[in-house]
Number of protein chains: 2
Amino acid sequence: MKQDDRNRSVRLLWEPDAQVTREPKGALSRARVVEAAIKVADAEGIGALTMRRVAETLGFTTMSLYRHVPGKSELLDLMVDAVWGETEHTPRGPWRAGLEFYARQMWSMYRAHPWLLQLTNARRMPGPNAMTRQDAAFAAVSELGLKPEEIVAVVTTVGQFVAGVGRTMADRILAERETGVSEEDWWNDRDELWGHFTPERLPMMTHIWTTGGYERPLDEFEFGLARVLDGLEVFISSEDRPLVRRKTCL
Amino acid sequence: MKQDDRNRSVRLLWEPDAQVTREPKGALSRARVVEAAIKVADAEGIGALTMRRVAETLGFTTMSLYRHVPGKSELLDLMVDAVWGETEHTPRGPWRAGLEFYARQMWSMYRAHPWLLQLTNARRMPGPNAMTRQDAAFAAVSELGLKPEEIVAVVTTVGQFVAGVGRTMADRILAERETGVSEEDWWNDRDELWGHFTPERLPMMTHIWTTGGYERPLDEFEFGLARVLDGLEVFISSEDRPLVRRKTCL
DNA sequence: AAGCAGAGTGTACGTTGTACACGGCACTAG
DNA sequence: CTAGTGCCGTGTACAACGTACACTCTGCTT
């Protein structure tokens, strides 16, 4: 019965104090559990986030956590929304500054909590903090007279790009934290690989390599963000905006 | 000793026939294991990809797989590169058509094998197929006289965007396949959520909702790709290209 | 005929999420 | 003051995971 309550996460996120009739009595609390879980995930990634590990850092037994959180899945929902609540909302326009602010806020959130990008976003219960931030991002471009579906598309494009670069960065950071081995050491250990990068097989890559293109790379986030915003500017300032409707489901 | 061979994956991917001195004798083979694993992951995602499950679909015992593949991690490396080998390379310029082709190829690869985006890319051994495709993508923009680090940045920007949208799509598809519950049904089960979306709390979102912005959404991939390419065009055709160097590590 | 290498099997272990039954505490009703 | 009624934290137990390790069986080489 309790297991089948599909709206449990909804209430957990959106009505935080509904079921708290008295002040917390025990030493443990939902907030403490969530906080400890975030700390573990920050330090070692989602892979190291186990109920036993969280309990251990709190000095309680594993099962004590289940008094405050229905299960691991709901704990993740709470962690995600707690993180969305850490930063301030996107201010209203001018649109380009607003979108850039939105992008940089997410970027720094992903840097601080790289495990966010290890999680599926599909079917995760959105919490009030995440939704409020999303709403503010929409508001940043509301002055442009875009069609509602265009507002969504513009903000989403920025979000998808930041998630894309973010994922790469997050995976790198977490791999380093989790294993304790630096990126450089790891690749140096696999020295046999580079012998296979021959000019016949990979002409462009060896050319880029020998001309130093990999030694002084451009900042992926800064470069890409500027391009994406430029592209959106082209769209926004164009007279008749092309409409690209979704043809198929999914 | 065997455990500590950091170059095992390198040889596995880049010298596939080095250790095969005779023709395969047994009924099982590395290729058959990889193929079966891809089929399982396609159907139910990485979460369902277990050694037991793969062996089961092949009609062998779990441990028989270890005769042909050193471990699960290396099996994943082989699966990834096998998938990169399924599609053709990006043809050489004109640059915009080439980048668009590259983006669409990755997009369809992600559609066919959504589990690709559930995997970390960090510290995954690159295989010959992936690297050849990457090289071809670089070649597509080689005519523009870009600096080597700019070539990398341009191609990477497209890749990051496609990975971003792709992840969202992949997670949705896989959630549906894994659980057998459609996206719509899942959200309908959580009906209490929508009551919390009030105009006071989320003015823009409710406005977009009531004006139908969510009912006829634009295609995220098509819309975003056009914007990203537009943005790159602005960069490419600008006289003095701004250089954005990476300031800090990671 | 001897023996060896490689394919496939079976058992066993440590780690995961969590169901379930239990003990101790604090408050409230009589 | 005593009995009762929940909540807090504990302990044990189980199924599923990757895989180490010790086998059996087969077929080729000498």
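The basis for the numbers below is simple: all heavy atoms, side chains too, and nothing from hydrogens, waters or symmetry mates. In what follows, chains carry the letters A, B, and so on, assigned in the order in which the sequence lines appear, proteins first and then strands, with residues in each chain numbered from 1.
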Separation of dC25(C) P from Leu28(A) CG (nearest whole Å): 18 Å

Spacing of Glu56(B) atom CD relative to dG8(C) atom C1', expressed in whole Å: 17 Å

Nearest-angstrom distance from the residue atom CE of Met51(A) to P of dT10(D): 14 Å

Nearest-nucleotide pick for Thr50(A), side chain only, options being dT9(C), dT18(C), dT16(C): dT16(C)

Distance, rounded to the nearest Å, where Leu49(A) contributes CG and dT15(C) contributes P: 17 Å

Interatomic distance, Glu56(B) atom CD to Thr62(B) atom OG1 [nearest 0.5 angstrom]: 8.0 Å

Between dA20(D) (P) and Lys72(B) (NZ): distance, integer Å: 14 Å

His89(A) side chain near Asp135(A) side chain, heavy-atom distance below 4.5 Å: no

Nucleotide nearest Met63(A) (side chain, heavy atoms from C-beta), chosen from dG8(C), dT10(D), dG17(C): dT10(D)

Whole-Å gap separating P (dC17(D)) and CD (Glu44(B)): 11 Å

Check: Leu116(B) and Val80(B) side chains under 4.5 Å, non-hydrogen atoms: yes

Polar pair under 3.5 Å, donor/acceptor by atom type, side chain Arg52(B), base dG18(D): yes

Residue Arg67(B), side-chain heavy atoms: nucleotide from dG9(D), dA7(C), dG17(C) that is nearest: dA7(C)

Arg104(A) and Glu222(A): CA distance, side-chain angles, deciding distance, salt bridge (charged side-chain N to carboxylate O under 4.0 Å, His left out) verdict: CA-CA 10 Å; Arg104(A) 290 188 188 284; Glu222(A) 295 296 339; 2.9 Å; yes

Phosphate contact (dT9(C) OP1 or OP2) by Thr61(B) side-chain N/O below 4.0 Å: yes

Any His68(B) side-chain N or O less than 4.0 Å from OP1/OP2 of dG8(C): yes

Gln105(B)-Thr90(B) side chain donor-acceptor pair, cut-off 3.5 Å: no

Nearest-Å distance for atom pair OH/C1', residues Tyr66(B) and dT11(C): 15 Å

Touch class at under 4.0 angstrom, heavy-atom based, for Leu75(B) against every strand present: nothing

Length of the line joining Arg53(A):CZ and dG17(C):C1', which is rounded to integer Å: 17 Å

